[in-house]
Number of protein chains: 2
Amino acid sequence: MGRLPRFETAAVVSSARELFWREGYEGASVSALQQATGLNSSSIYHAFGSKRGLFDAAIEDYLASVVRPGLARLRAEQVDPEAIVDYLATVRELVLDPAGHTLPDGCLLVNTACSGIARDPEVAAVVSAYRSELAESFGRGIAARFPEASAADREHLTRTCVASLVAALALTRVDGEAAAGFLESALALLRRPHPIA
Amino acid sequence: MGRLPRFETAAVVSSARELFWREGYEGASVSALQQATGLNSSSIYHAFGSKRGLFDAAIEDYLASVVRPGLARLRAEQVDPEAIVDYLATVRELVLDPAGHTLPDGCLLVNTACSGIARDPEVAAVVSAYRSELAESFGRGIAARFPEASAADREHLTRTCVASLVAALALTRVDGEAAAGFLESALALLRRPHPIA
DNA sequence: ACTTTTGTGAAACGCTCACTCCACTATAGT
DNA sequence: ACTATAGTGGAGTGAGCGTTTCACAAAAGT
């Protein structure tokens, strides 16, 4: 019953996600969100309650449409020993793109962690869960690559790889070469025969 | 000639630096800066030209008063082989502080890199130079610790340590334990007898 | 056909933003 | 003492912020 919406929620959230990714939560004004989504503010507030509600939806969409597809091979039942290397090498290519068209704004969630809204406990929990998810996926990739290593060594290597990724995404905007360097050195660790001497 | 200022520039910039660190460039409003510094807006604009001018001064002060003193032992002529370990261990303690009173907001420059103002080329250059400065200092610490390692190995280890620091500072706000974990794993690399097997 | 429910459009809300203006005060040089 | 210069206080600028309101449009259930 009632009038049908003239928009597709998925497309709206996807547009909002792009804007938040580019401009950050504080930097994406509601009027810019109106332009990006094609909805006017009354529809936005009707559908999502607040700018914050749309942001939450955009984060969910980011995880579902950007993060998890990228991690798919690391989340599979059988993990390819090359999967973790391929993942980091792919991100390295993206941040190195000279035109900067592919991954110009780093990671929506890393950017969020460094912004004021990260003081909101719910937002902090989402970013923290994202880091856990990265760590779990990377851990599986590293276990597949170094099956004979100790759990402690794999744990350290996993955290180092996650740190290299987070740092690369944090600095993509200001220095793509440096970001690629972080990933290159993480790859160097993964290309050794054993994780720890 | 002319009336003398009723404030000390150093104290004003230091207060502004704290506010920008806590709230970010966009998040620190001019009226909040008035409260923090004790100056009213006309004095701020007279002395610094713009909010952005005060921000630039705050960044300079951050480098001079926070970053470089911390790196002092790594910038000395003779670098202690323990200096790089001590540095990372100290940061680890700071981000782990349960009350979060010591380093609650990560790094002013990392936060800046993840915000909208990082698209300004001058700001990007300052953050990029900060990363270079970190890398050079860490490189010296690692050369002192692993004098017999190859240049390539030291380079990789340096970048991995810088990445671990940057990632820890990026996530301090949302997950201090995870930030400490990044540093812990970097320390594990440094505590091995040789950087690469 | 009519009621009920829901989405839409446009205008406006009070508020804060970065910034400016100007009269006034205070000092240094002459 | 006077002039030139520079800092201060306070009110005010227009623009933009997130959000709300409300009359109206459109579709589902009876």
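Here is the naming used below: chain letters follow the sequence lines, and residue numbers restart at 1 for every chain. The model shown is predicted, which means the values in this text are computed figures rather than measured ones.
If you take CD of A:Q34 and P of D:dT19, they are 12 Å apart, rounded to a whole angstrom. Atom CG in A:N40 sits roughly 16 Å away from atom P in D:dC17 (whole-Å rounding). Taking atom CD on A:Q35 and atom P on D:dC17, their separation rounds to 10 Å, with Å as the unit. The separation between A:Y45 atom OH and D:dT19 atom P is 3 Å, rounded to whole Å. For the pair A:E26 CD and D:dG16 C1', the interatomic distance rounds to 16 Å; values are reported in whole Å. Atom CD of B:E8 and atom P of D:dT8 are 13 Å apart (whole Å). Taking atom CD1 on A:I44 and atom C1' on D:dC17, their separation rounds to 14 Å, with Å as the unit. Residue A:H46 contributes atom NE2, which lies 17 Å from atom P of D:dA25 at whole-angstrom precision.
Map A:A32 and A:S42 each onto its nearest nucleotide of DNA chain D; the residue landing nearer the 5' end is A:A32. Each of B:G49 and A:F7 was assigned the nucleotide of DNA chain C with the nearest heavy atom; the assignment lying further toward the 5' end belongs to A:F7. A residue-by-residue look at A:L4 and A:R52 shows that A:R52 has its nearest nucleotide of DNA chain D further toward the 5' end.
Between A:Y25 and A:F20, the ring planes are parallel. Angles under 30° get that label, and only those over 60° would be called perpendicular.
For D:dC17, one of the phosphate oxygens OP1 or OP2 lies less than 4.0 angstrom from a side-chain nitrogen or oxygen of A:S31.
Environment of CD in A:E82: crowded, with over 12 heavy atoms of neighbouring residues, nucleotides or ligands closer than 6.0 Å.
Contact footprint of chain B on DNA chain C: nucleotides with an atom under 4.0 Å from a non-hydrogen protein atom, first to last in 5' to 3' order, C:dC17 to C:dA28.
In this structure the side chain of A:W21 reaches within 4.5 angstrom of the side chain of A:L103, judged on heavy atoms. Put simply, the side chain of B:L74 reaches to within 4.5 Å of the side chain of B:L71, judged on heavy atoms. The closest side-chain heavy-atom distance from B:V67 to B:Y130 is below 4.5 Å.
Ring centroids of A:F138 and A:Y87 are separated by less than 6.0 Å, placing the two rings close together.
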*Check the pair B:N111, B:L108 against side-chain contact (heavy atoms from CB on, under 4.5 Å), reporting the backbone distance first and the verdict last.*
CA-CA 5 Å; B:N111 295 350; B:L108 171 57; 5.7 Å; no
*Evaluate the criterion salt bridge (Lys or Arg N to Asp or Glu O under 4.0 Å) for residue pair B:R22 and B:D105; output intermediate values, then yes/no.*
CA-CA 6 Å; B:R22 203 160 359 101; B:D105 296 295; 5.0 Å; no
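The terminal axes of the helix from C:dA1-D:dT30 to C:dT30-D:dA1, fitted over 5 pairs per end, subtend an angle of 0° to the nearest 10°.
Within 4.0 Å (heavy atoms only), B:S29 reaches sugar-phosphate atoms of the nucleic acid but no base atom. Within 4.0 Å of A:A28, counting heavy atoms only, lie sugar-phosphate atoms of the nucleic acid but no base atom. Using a 4.0 Å heavy-atom cutoff across all strands shown, A:S41 reaches at least one base atom of the nucleic acid.
With hydrogens and angles disregarded, no donor-acceptor distance shorter than 3.5 Å links the side chain of B:R191 to the backbone of B:A186. Using a distance-only test at 3.5 Å, with no hydrogens or angles considered, a donor-acceptor pair links the side chain of A:R145 to the main chain of A:L190.
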